[in-house]
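Remarks on the structure that follows.
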Amino acid sequence: MTTERYNPRDAEPRWQQAWTGKKSFEAANDPSRPKYYVLEMFPYPSGRIHMGHVRNYAMGDVVARFMRARGYNVLHPMGWDAFGMPAENAAIERGIHPKSWTYDNIAAMRRQLKSMGLSLDWSREIATCDPSYYRHEQEMFIDFMAAGLVERKVSMVNWDPVDMTVLANEQVIEGRGWRSGALVEKRELAQWFLKITAYAEELMQALDGLNQWPEKVRLMQRNWIGRSEGLRFSFALEDETGKLLDESLTVFTTRHDTLFGASFCALSPDHALARRMAESDSGLQEFRRECAALGTSEESIERAEKKGYRLPIYARHPFIDGLRMPLYAANFVLMGYGEGAIFGCPGHDQRDFDFATKYGLPVIPVVAPNGTDPNQIDVSAGPYLEKDESEAVMINSGFLDGLSVAAAKNEVATRLEHEGRAERKVNYRLRDWGVLRQRYWGCPIPVIHCGTCGVVPVPKQDLPVTLPDDVTFDKPGNPLDHHPTWKHVPCPVCGKAARRETDTFDTFIDSSWYFARFCSPRADVPVDRGAAKYWMPVDQYIGGVEHAILHLLYSRFYARAMKKTGHLDIEEPFASLFTQGMVTHETYRTQGGDWVLPAEAGKTAAGWVHTVTGEPLTIGGIEKMSKSKRNVVDPEAILEQYGADTARWFMLSDTPPERDIEWTESGVEGAWRFTQRIWRLIGESIRQHDPASSPDAAAAKELRQWTHRSIAAVTEDISALRFNRAIARIYELSNALSSALQNPDRSSAMNAAVSDAARTMVLLMAPMMPHLAEECWKVLGNDSLVVETPWPLALQEFVASDEVTIAVQVNGKRRDEIRLAKGLAAGDVERQVLDLESVKRALDGKPVRKVIVVKDRIANIVSG
RNA sequence: GCGGGCGUGGCGGAACGGUAGACGCUACGGACUUAAAAUCCGUUGGGAGCAAUCCCGUGUGGGUUCGAUUCCCACCGCCCGCACCA
């Protein structure tokens with residue numbers, strides 16, 4: 001019998017070595033076997049893993065080990081999202097070169113991940129900052145250019161003044177840079193764009209097919225793409241004297257039914273017409289400046305008043321002869337959506353109403369609930385925004401009067417189409433993906449600007465365009481641009497002096513195809529299509545919900561772009577997606593508001609105090625672990641103290657994986673106690689047969705039933721990623737085994753049941769606690785490894801039972817329960833149940849009206 | 001404002017429309033120990049009762065049903081996403 005405590009510090013490295021020695025997790029491209037590709041979002045090499053990583057990778061590892069045990073050829077790789085700003089900041093702040101900073105961090109984090117005992121195929125490791133990775137990114141970009149997927153255009157972009165770089169729309173959160181938190185400014189720049197909008201419709205339609213994605217994520221993407229059906233049409237324009245102008249004004253609307261309610265038209269201050277007119281109108285110039293100065297932050301938008309600048313131009317109403325509407329440049333009209341111009345209908349739009357009220361423009365109601373008297377409508381209260389379109393009808397609208405909203409839209413569209421001045425159009429909120437970043441530590445963009453030939457792609461045989469190592473960070477701006485020689489190259493076409501593009505790619509490009517690269521990480525093409533055909537798509541992708549739009553939408557687009565250019569054969573890279581919750585921890589602060597380490601907070605009779613200074617403390621909320629709130633728990637210390645198995649077990653216990661989990665000391669202690677309990681139970685389970693002991697056949701059978709029902713339940717729970725439930729089942733099995741071990745029965749039948757339970761328990765817990773499982777497996781007398789052992793099979797004879805407990809209700813209230821043979825006919829159940837004392841008492845002499853019997857579950861007696 | 005989700009013991013959480021609270025944590029009581037740790041046994045939704053047992057309980061109010069934590073409607077509260085998108 002084993003009496004020593006289980007020591008993870010000794011056992012864990014030993015088993016990690018055993019797995020590495022046997023190459024247990026190296027995946028071969030073997031199309032004869034069924035594959036399973038499980039992937040967790042790869043980490044940014046910040047230097048240390050955090051608890052979020054532990055949770056994420058523990059989950060993925062359970063799936064990987066489970067599927068491997070079930071006979072699948074499992075691909076479970078790891079890599080590094082290694083380009084990005086923090087490396088440059090380290091260079092600026094501490095004089096460390098981004099490259100050495102990054103690779104040092106990778107080495108440190110690789111060691112930490114290895115100490116977690118993850119079943120990763122390290123032979124496929126990749127880092128996006130390695131030229132052997134990013135050269136393929138450059139090659140594909142050139143292919144994308146040839147395929148028309150790349151566009152260079154001047155446009156208003158989001159400028160992050162702290163990171164000094166451009167940001168894509170998806171990377172602006174509430175008006176601030178997603179990483180720097182700085183208020184984003186608008187700037188006009190020449191930019192490279194990937195034409196994701198060309199796939200807007202497809203990206204949206206295909207969401208319907210992603211039925212193994214969380215509904216929430218699909219919805220977020222659908223909203224982000226923002227499809228809306230409407231009409232694009234143009235107004236004839238005239239000057240103040242009534243003279244028709246050559247130019248017309250094109251607008252986009254989804255509410256062309258309200259055209260008779262139009263009372264003004266408005267342009268974005270950045271609209272071409274407004275810009276042109278500003279050249280000779282200093283007032284307009286001033287107005288445009290004012291609008292540009294207005295930030296894009298939530299607060300500024302909320303506070304911003306609707307403001308307009310009256311232009312000396314009118315728009316002619318298409319249906320009302322002689323009606324001309326004033327034209328404004330207005331601060332609430334966005335250049336980036338539709339045509340950058342609108343017609344205003346104050347009766348049915350809040351913004352238009354605010355604007356009209358301010359400038360004294362007419363408010364004409366044109367839609368009203370069916371049956372409303374058109375003369376009784378109060379237009380001073382605000383616009384009528386019908387909730388249910390089908391209940392509304394058109395009024396004050398000439399030939400549209402009495403029509404439904406839908407019919408009116410159709411009528412207006414048809415008439416304007418006939419006149420050749422309109423087309424029905426679908427608009428998207430989605431913008432093209434600006435991919436330039438004015439930074440050093442990123443993938444160089446493989447193009448050369450030539451004064452004669454224009455933009456010339458770098459010839460493929462000259463790839464990769466590698467980053468120069470000798471850069472300085474002493475000046476603000478892009479170090480590549482400051483480099484003395486790097487950007488000066490001859491034009492590949494004409495040979496004249498030319499200039500390299502010094503911007504680098506958005507790092508989201510790096511992460512948009514890494515999952516495909518893992519299929520053939522050393523191939524000399526971006527993706528070996530044979531390998532990708534076998535492995536792709538990723539069967540189970542796991543990561544944080546914060547990537548619901550950014551990374552997950554870009555990757556879906558990238559797969560399509562790669563397919564178009566012959567690099568991949570699928571459109572959807574992730575068949576099944578799981579978004580795990582965050583890791584949270586309690587917080588404490590002083591009266592002064594400073595955050596205090598939870599470890600330094602102590603409870604006294606007088607309340608919480610700082611254990612060092614004695615200062616009184618207030619309890620903050622349970623918050624996401626963050627440095628600023630000082631509530632971070634370092635995984636390394638936990639792994640050192642308790643071992644990987646305990647940490648993994650805790651991360652998977654209790655809380656459903658999609659919810660936020662709270663880190664608690666007592667919770668880890670509980671997980672630690674359980675690892676020791678398993679160790680003891682396994683030690684006790686290898687006991688001797690004693691012919692003198694009296695057999696307890698019922699107890700042995702019960703243990704067998706627990707064992708095989710646990711197999712069935714854990715298999716189902718892990719398949720559905722319900723790790724917390726799987727763990728509860730394993731606790732139940734350990735409790736059943738513990739009870740059996742206390743039974744004096746030492747017969748061979750009981751010992752066989754005990755040994756079956758012990759063996760099963762080890763195999764069931766192995767995906768979560770792989771090291772302890774191996775150690776126990778050895779104690780149980782096995783020479784093989786658990787990682788080579790197939791998943792146990794539940795024996796039906798023990799899963800099924802011949803007796804069931806039936807709940808007995810009277811008028812829906814539970815009054816008793818009764819053990820009956822399984823599958824007993826309703827009539828027999830009814831007879832037995834009506835005979836029960838408890839039932840007679842509850843009926844209290846009232847007649848039985850009917851008896852409802854649900855087979856093997858419940859009997860409900862309804863009385864009068 | 002628009003869209004989505006969630007409300008169950010002291011806590012994390014279980015529960016094909018069918019015995020609400022599995023499993024874990026905490027707390028309390030007991031055993032072992034000189035003592036502590038560890039371990040083991042027991043109790044742990046609220047209330048009444050010596051007890052058998054009974055009553056009340058899944059945010060609030062209604063509804064459907066023999067039966068509702070689960071389905072429907074309204075309300076309250078919390079969380080998340082988008083947000084001047086025409």
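All values below come from the heavy atoms of this structure, side chains included, with hydrogens, waters and symmetry mates left out.
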- Quick one: do Trp649(A) and Leu772(A) satisfy side-chain contact (heavy atoms from CB on, under 4.5 Å)? Show the steps, please. CA-CA 11 Å; Trp649(A) 186 259; Leu772(A) 176 62; over 6 Å; no
- Query: Stepwise, does the ring pair (Phe, Tyr, Trp, His ring centres under 6.0 Å) test hold for Trp672(A) with Phe650(A)?
  - Reply: CA-CA 8 Å; Trp672(A) 169 248; Phe650(A) 171 73; over 10 Å; no
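Phosphate proximity of C25(B) to Arg673(A): present, with a side-chain N or O under 4.0 Å from OP1 or OP2. Look at Arg429(A) and you'll find a side-chain N or O under 4.0 angstrom from OP1 or OP2 of A83(B). For Arg814(A), no side-chain nitrogen or oxygen approaches OP1 or OP2 of C54(B) to under 4.0 Å. Contact annotation: Arg659(A) side-chain N/O to G13(B) OP1/OP2 distance is under 4.0 Å. OP1 or OP2 of A14(B) sits under 4.0 Å from a side-chain N or O of Asn724(A). Between G24(B) and Tyr731(A), no contact under 4.0 Å exists linking OP1 or OP2 to a side-chain N or O. In this model, the phosphate group of C41(B) is approached by a side-chain N or O of Gln742(A) to a distance below 4.0 Å at OP1 or OP2.
When distances are taken from the side chain of Tyr337(A) to each of A86(B), C66(B), C55(B), the shortest belongs to A86(B). With distances taken from any side-chain atom of Lys813(A) to the nucleotides C56(B), A14(B), G18(B), the minimum falls on C56(B). Residue Arg857(A) has its side chain nearest to G18(B) when only C82(B), C84(B), G18(B) are considered. Residue Val862(A) has its side chain nearest to C66(B) when only C66(B), A83(B), A22(B) are considered. Distance from the side chain of Arg351(A) is smallest for A86(B) among the nucleotides G3(B), A86(B), G24(B). Picking from U26(B), G13(B), U19(B) the nucleotide with the shortest atom distance to the side chain of Ser666(A) gives U26(B). In this structure, of C66(B), G24(B), C85(B), it is C66(B) that holds the atom nearest to the side chain of Lys850(A). Taking the side chain of Ala807(A) as heavy atoms from C-beta on, and the options U19(B), U53(B), G18(B), the nearest nucleotide is U19(B). Closest to the side chain of Thr655(A), out of G13(B), A38(B), A86(B), is G13(B).
A salt bridge between Lys307(A) and Glu290(A) is present, with a side-chain N of the basic residue lying under 4.0 Å from a carboxylate O of the acidic one. Ion pair Asp349(A)/Arg255(A) not flagged as a salt bridge, since none of the NZ, NE, NH1 or NH2 atoms sits closer than 4.0 Å to an Asp/Glu carboxylate oxygen. A salt bridge between Arg218(A) and Asp208(A) is absent, with no side-chain N of the basic residue lying under 4.0 Å from a carboxylate O of the acidic one.
Note: CG (Leu741(A)) to P (U39(B)) measures 16 Å, nearest angstrom. One interatomic measurement links the two molecules: CG of Asp660(A) to C1' of C79(B), which rounds to 10 Å at whole-angstrom precision. Distance CG (Asn811(A)) to P (C55(B)): 12 Å, rounded to an integer number of Å. In this entry the distance linking CH2 of Trp649(A) with C1' of G12(B) reads 16 Å, nearest Å. If you measure from atom CZ of Phe650(A) to atom C1' of U26(B), you get 14 Å, rounded to the nearest angstrom. With rounding to whole Å, Glu665(A) atom CD is found 16 Å from C11(B) atom C1'. To the nearest angstrom, P of C79(B) lies 21 Å from CD1 of Ile661(A). Between the CG atom of Asp816(A) and the C1' atom of G18(B) there is a distance of 16 Å, given to the nearest Å.
When the C1' atom is used for both A22(B) and C73(B), the distance is 32 Å, rounded to whole Å. If you take atom P in A20(B) and the same atom in U53(B), they sit 16 Å apart, rounded to whole Å. Going from the C1' atom of A51(B) to that of U58(B) covers 30 Å, rounded to whole Å. Here, G17(B) and A27(B) have their C1' atoms 36 Å apart, quoted to the whole Å. The gap from the C1' atom of C71(B) to that of C16(B) amounts to 14 Å, rounded to the nearest Å. Using C1' as the reference atom, A37(B) and G13(B) are 30 Å apart when rounded to the nearest Å. Taking atom C1' on both nucleotides, U70(B) is separated from G63(B) by 15 Å, rounded to a whole Å. The C1' atoms of A31(B) and A48(B) are separated by 33 Å, rounded to the nearest whole Å.
Under the Watson-Crick or G-U wobble criterion, with both distances below 3.5 Å, C54(B) is paired with G47(B). Look at U34(B): it lacks any Watson-Crick or wobble partner with both distances under 3.5 angstrom. Across all strands shown, nothing is found opposite G17(B) as a Watson-Crick or G-U wobble partner with both distances under 3.5 Å. C23(B) is paired with G12(B) under the criterion used here, namely a Watson-Crick or G-U wobble arrangement in which both key atom distances are under 3.5 Å. Nucleotide G3(B): paired with C80(B) (Watson-Crick or G-U wobble, both distances less than 3.5 Å).
With sequence neighbours excluded, the residues that form a side-chain hydrogen bond (donor to acceptor under 3.5 Å, both in side chains) with Asn735(A) are Arg677(A).
A donor-acceptor pair shorter than 3.5 Å can be found between the side chains of Asp432(A) and Thr197(A).
Leu334(A) comes within 4.0 angstrom of a base, heavy atoms only. Thr664(A) comes within 4.0 angstrom of no nucleic acid atom, judged by non-hydrogen atoms across all strands. No contact: Arg722(A) has no heavy atom under 4.0 Å from any strand. In this structure, Asn735(A) reaches the sugar-phosphate backbone alone: every heavy-atom distance under 4.0 Å involves primed, P, OP1 or OP2 atoms, never a base. Among the atoms of the strands shown, base atoms are found under 4.0 Å from some heavy atom of Val333(A). Looking at heavy-atom distances under 4.0 Å, Glu732(A) makes contact with sugar-phosphate atoms alone, never a base. Backbone-only engagement by Arg677(A) is indicated by non-hydrogen atom pairs under 4.0 Å involving sugar-phosphate atoms exclusively.
A donor-acceptor pair under 3.5 Å is absent between the side-chain atoms of Asn631(A) and the main chain of Pro598(A), judged by distance alone.
Judged by distance alone, with hydrogens and angles left aside, Lys216(A) brings no side-chain donor or acceptor close enough to the base of C80(B) to form a pair under 3.5 Å. If you check distances only, the side chain of Asn860(A) does reach the base of C66(B) with a donor-acceptor pair under 3.5 Å.
To the nearest 0.5 angstrom, His256(A) atom NE2 is 8.5 Å from Phe233(A) atom CZ.
Taking the centre of each ring, Tyr359(A) and Phe264(A) stay at or above the 6.0 Å mark.
Taking for each of Ile858(A) and Ile727(A) the nucleotide of RNA chain B with the nearest heavy atom, the 5'-most of the two is the partner of Ile858(A). Taking the nucleotide of RNA chain B with the nearest heavy atom to each of Ile549(A) and Ile852(A), the more 5' of the two is matched to Ile852(A).
Taking the O4'-C1'-N9-C4 or O4'-C1'-N1-C2 dihedral as appropriate, G13(B) has a value more than 90° from 0 and is therefore anti.
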